[in-house]
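Inspection log for the structure reproduced underneath, given as structure tokens.
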Number of protein chains: 4
Amino acid sequence: MVPGRGVDEVMTKAQSHVNGVLPGEEGLSGKELRRQERFLAILEAAGEAFSTKGYHRSTMEDVALRAGVAVGTVYLYFPGKEALFVSLLDHLAQQLLGAVVEARSRVQGVLAKLGASIAQAVRVFAANRSQARIVLIEAVGASPAIDEKLASIHTLLAELVERDLREAVEEGLIPGQDLDISSKALVGTCYEVILGHLRDGRPASLEGSVPALLDLVFRAIGAANRRDPQ
Amino acid sequence: MVPGRGVDEVMTKAQSHVNGVLPGEEGLSGKELRRQERFLAILEAAGEAFSTKGYHRSTMEDVALRAGVAVGTVYLYFPGKEALFVSLLDHLAQQLLGAVVEARSRVQGVLAKLGASIAQAVRVFAANRSQARIVLIEAVGASPAIDEKLASIHTLLAELVERDLREAVEEGLIPGQDLDISSKALVGTCYEVILGHLRDGRPASLEGSVPALLDLVFRAIGAANRRDPQ
Amino acid sequence: MVPGRGVDEVMTKAQSHVNGVLPGEEGLSGKELRRQERFLAILEAAGEAFSTKGYHRSTMEDVALRAGVAVGTVYLYFPGKEALFVSLLDHLAQQLLGAVVEARSRVQGVLAKLGASIAQAVRVFAANRSQARIVLIEAVGASPAIDEKLASIHTLLAELVERDLREAVEEGLIPGQDLDISSKALVGTCYEVILGHLRDGRPASLEGSVPALLDLVFRAIGAANRRDPQ
Amino acid sequence: MVPGRGVDEVMTKAQSHVNGVLPGEEGLSGKELRRQERFLAILEAAGEAFSTKGYHRSTMEDVALRAGVAVGTVYLYFPGKEALFVSLLDHLAQQLLGAVVEARSRVQGVLAKLGASIAQAVRVFAANRSQARIVLIEAVGASPAIDEKLASIHTLLAELVERDLREAVEEGLIPGQDLDISSKALVGTCYEVILGHLRDGRPASLEGSVPALLDLVFRAIGAANRRDPQ
DNA sequence: GATGAATGAGACTTCATTCAT
DNA sequence: GATGAATGAAGTCTCATTCAT
């Protein structure tokens, strides 16, 4: 049995399916390269704007100015404001998943991988408050389409956690439990901890909370001892 | 020592201080009664509108129509759209706190009270999806002022949980732990579970999840056995 | 020949015709007296409001509050905001004319009466900046009906001046001239001098300007010497 | 000594400083030219609307329709309705000053220049009743910001007159006098004469009044004989 | 007569999106 | 492809006026 395979396959798949906005980076002609750059510049500009002023209070001109392009140009890359935000969410979800996959690959054992995932997710958001704001605050309730995207990200994360948990149960590492509840609890816990961090504005404090967070999480799912989960 | 006293005092205070929008219900003259009724009608209309179409997609006309009054009338009761939403949040927070206080009064022991609080909170939202949508989705990121109000509600809830936890630790019912993290975890867990329920649309399923949710929560905080927590 | 008679007859007529808003003050029953008082209270409140915030920026509620009555009550005394302003202008014109008539009665000779009129008009406005603001600034361009009223006041004043001038010409006190121009010049001169005073905000300076103003005016109409105009 | 220099320097300065809305007309690229045209079209449309319906009764849509553009376009050129009016006043003041400067350049001697200024100012307004309405009626009391602009125009005109008068006094052409009063009297006289013209609606009559007006003005300031003022 | 809550038409302004250059 | 001027629909809020109490 290859511990952790299940999740990682899904994540890799998830990562590449997202929506084709990032068509890989090899073999680009000059033109495609320029397009790629602009695409990312606009996406980042949108990230800045949305995280600073919020989705509804940001205008397409805000985004264009930050990206150093004209308003019309934004529409050459994205069909509209809503789609731009959806793409931005995709982009951020990608980055998050990428970092998590990488973190998982460095440890062995389902529970270690789960812990690494959680720790990494928290760290990513701790390191980038704008991203956190966008995903946790600005995207929520912004529009039906955006909500849907956000829900799909939440669902994806919960499913990944659930998969790890299922594997852990199968391996006898944790007791049987309502996996749906447990996975949501883990996601929601991370959500709220990061949110608290965003609100207080205490700078690096989140990093320090990671051990306590992991302790709590492992206790919650019934893992004997997180310090030696393997 | 009177278990649970600390929290309940705070909650009652919180409840009554909120912001004076509901000046009590006894001894109202005809006019004051009419005003009270209209106030609530508009608040409920706002609840309907905001939960259905979202804050930014609802117009003051939507609210007025649902309340059966003219647009100008809404402005006789609330200074503006944002203030209307803030009042609505206050109102909903009040209701939630009231239900929780009541539920707590029916059981003995800190952990039982904590469990009753969580169960009740989840049930309130399960019974009223609109309220849940407003508080958990539509209010998030709606505007700086609304965000602030929402944050104050989150903080209040987390503090209440933290107070129970502290008491439980002091009484030796649960081991020492990072109470900040634990309280946030509990709030976030409820948040995500309710959110999942909102998204799926499975009607009464949330009720059924309460036992599993409580099991998980008590495990997370290290309570020996939730069925007999004292 | 009775110098000055012509004008004074007209003024007295003008005063009583204005528009019947002040139905005399003798023989009022208690009810009529109360009505009279409220009428004046509202008129004065309107004067305060309009001179402070301007016609368009004053609301009927502003007026009602200052008058110490309810909004609806204002409508019991005046058919609407515009009519209220028109009545206010009438009222102020009345006061001005009354003061002028009184000043004229104290001197002999057309030119002396003309000089006394001008001096008195300037003094009235100097003493009451609000009145000046209303007549010279806030009423201008406020609405077609108000404009018309204002024009009628201007015309009345110009006609009165013209009548004095005509008499002076007939009496050989001043040379023949375009009386229409001369009378307008006199009115406009007063207008601008008072306006300058309103703008600068120099308190009592206007009083001091009266002699220079009269000198200029008498020079303008060709009177030999204002100090001994007869 | 170069008679009239003082005033003309000031006027030219005043003219060019006004507020940069008309950035000169030479060397415009196609785009700048188009912008300039639109700017003027909107300004003229505003002039039409404001002079016809008054400031408060004109809507931005009125202005846009008359200019043949969309409402939003107006906001590309002016930050708001009030600023639009202020710009319009600037524009009209510019035109007036330009015409006056030109008229002054055609005669020699302070008093001749003063007379030419007055005559030209009256003629400009006589030829363009809309402009006159805007400056003399609609702008008055329209809003604090507009009032301020209007006051600055009044002050500018009075100062220019005062400068001429001072020069005339220095040259011994007129006797010493209260120059502040005299200059205001001249401005006010013109004001009222033009206003009377606006109200009667007698078409070309104003032109005919100019000689009588000048006679009066020169008499007022004590100039020996206006037909040969030098 | 007096009140003031209710009305609803209407204004200003914003901003996502389009399209001629 | 890129630009950014132009568009115009839509939203919030104000306030003169009415009318039930």
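Order of the sequence lines sets the chain letters (A, B, ...), proteins ahead of strands, with each chain counted from 1. The structure presented is a predicted model; accordingly, all values stated were derived computationally and were not measured.
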Whole Å only: how far is the [atom1] atom of [X] from the [atom2] atom of [N]?
| X | N | atom1 | atom2 | answer |
| --- | --- | --- | --- | --- |
| Tyr77(B) | dA6(E) | OH | C1' | 8 Å |
| Glu61(D) | dA9(E) | CD | P | 16 Å |
| Phe85(D) | dC12(E) | CZ | P | 13 Å |
| Lys81(A) | dT18(E) | NZ | C1' | 17 Å |
| Leu33(D) | dA5(F) | CG | P | 15 Å |
| Phe78(B) | dT12(F) | CZ | C1' | 16 Å |
| Glu32(B) | dG4(E) | CD | P | 14 Å |
| Tyr75(C) | dA5(E) | OH | C1' | 14 Å |

Check your understanding: Do side-chain atoms of Asp62(B) reach the backbone of Thr59(B) as a donor and acceptor pair under 3.5 angstrom?
Key ->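 Checked: pair present.
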Point to revise | Exam field: side chain Lys81(A) to backbone Tyr55(A), donor-acceptor pair closer than 3.5 Å | key: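 The answer is yes, because a donor-acceptor pair under 3.5 Å joins these two groups.
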Review point. Do the side-chain N or O atoms of Thr59(D) get closer than 4.0 angstrom to the phosphate oxygens (OP1, OP2) of dA11(E)?
Key: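 No, outside the criterion.
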Practice item. Ignoring backbone atoms, test whether Arg38(C) places a side-chain nitrogen or oxygen under 4.0 Å from the OP1 or OP2 oxygen of dT3(E). Key: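 Answer yes for this pair, as a side-chain N or O of Arg38(C) is under 4.0 Å from OP1 or OP2.
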Check your understanding: Between Leu84(C) and Tyr77(C), does a side chain to side chain contact (heavy atoms under 4.5 Å, CB included) hold up when you go through it step by step?
Key -> CA-CA 9 Å; Leu84(C) 171 58; Tyr77(C) 290 83; over 6 Å; no
Check your understanding: Are Glu138(C) and Ser58(C) close enough that some pair of their side-chain heavy atoms sits under 4.5 Å apart?
Key ->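 No, side chains not in contact.
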Review point. When the nearest nucleotide of DNA chain E is assigned to Gly80(A) and to Tyr55(D) on a heavy-atom basis, which residue is associated with the more 5' position?
Key: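 With Gly80(A) and Tyr55(D) compared, the 5'-side residue is Tyr55(D).
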Point to revise | Nearest listed nucleotide, side chain of Met60(D), among dG8(E), dT13(E), dT3(F) | key: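 Taking heavy atoms from C-beta onward, the closest nucleotide is dT13(E).
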**Study point:** Proximal nucleotide (of dT3(F), dA16(E), dC12(E)) relative to the Leu76(A) side chain
**Key:**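 Among dT3(F), dA16(E), dC12(E), the one nearest the side chain of Leu76(A) is dT3(F).
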Review point. With under 30° as parallel and over 60° as perpendicular, where do the rings of Phe85(A) and Phe50(A) fit, or are they tilted in between?
Key: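 Judged by the thresholds at 30° and 60°, the geometry between Phe85(A) and Phe50(A) is tilted.
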**Study point:** dA9(F) - base-pair partner by Watson-Crick or wobble geometry, distances under 3.5 Å
**Key:**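 Its partner is dT14(E).
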Practice item. Would you mind pulling out the nucleotide paired to dT21(E), Watson-Crick or G-U wobble, both distances under 3.5 Å? Key: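 When the pairing criteria are applied, dA2(F) turns out to be the nucleotide that pairs with dT21(E).
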**Study point:** 5' priority, DNA chain F, between Glu82(B) and Gly72(D) [closest heavy atom]
**Key:**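 Mapping each residue to its closest nucleotide by heavy atoms, the 5'-most match is Gly72(D).
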Point to revise | DNA chain F: 5'-proximal contact among Arg57(C) and Arg35(A) (nearest heavy atom) | key: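 Between the two, 5'-proximity favours Arg35(A).
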